K.L.:
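Pasting in a structure now, in C-alpha cells, and then I'll have a few things to ask.
This is a predicted model, so every value here is computed, not measured.
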Amino acid sequence: MDMALSQIGVVHVPIYPTISEDDYTYILNNCEPKLVIVSDKSLHEKIRPIADKFLRFGNLHLQWN
C-alpha cells in the first residue's frame with residue numbers, strides 16, 4: 001500500500017490505535033490531512049470527533065473498511 005500511495009503523491013502518516021487523543025490531535029493538526037483512512041469501526045469512533053476539528057483543511061474524508 002505504501003508504494004501505491006507514493007506513486008500518486010500521497011504522504012502516508014501512520015496513526016496508531018494505541019496513542020492518546022492528544023497525540024491524535026497533534027498529528028492531525030500538523031499533517032493537515034485531506035483524507036484519513038482507518039482500519040476498523042472502533043478507531044473510526046475514536047478519531048471522528050477529533051478529525052471533525054480539522055475540516056478547515058478542506059474536504060476531510062474519514063473512512064474505514
K.L.:
Should I27 and I19 be marked as a side-chain contact (heavy atoms from CB on, under 4.5 Å) after you check the CA-CA gap, both sets of side-chain angles, and the distance that decides it?
P.N.:
CA-CA 11 Å; I27 291 168; I19 62 177; 3.7 Å; yes
K.L.:
Is there a donor-acceptor contact under 3.5 Å linking the side chains of T25 and D22?
P.N.:
no
K.L.:
Just wondering, more than 12 heavy atoms not from E21 lying within 6.0 Å of its CD?
P.N.:
no
K.L.:
Tell me the closest heavy-atom pair linking Y16 and Y24, and the distance in Å.
P.N.:
O-OH, 2.8 Å
K.L.:
Give the minimum heavy-atom separation between C31 and V13, together with the two atoms involved.
P.N.:
CB-CG2, 4.2 Å
K.L.:
Any side-chain heavy-atom pair from Y26 and N30 closer than 4.5 angstrom?
P.N.:
yes
K.L.:
Where do L43 and I15 come nearest, in terms of heavy atoms and distance?
P.N.:
CD2-O, 4.5 Å
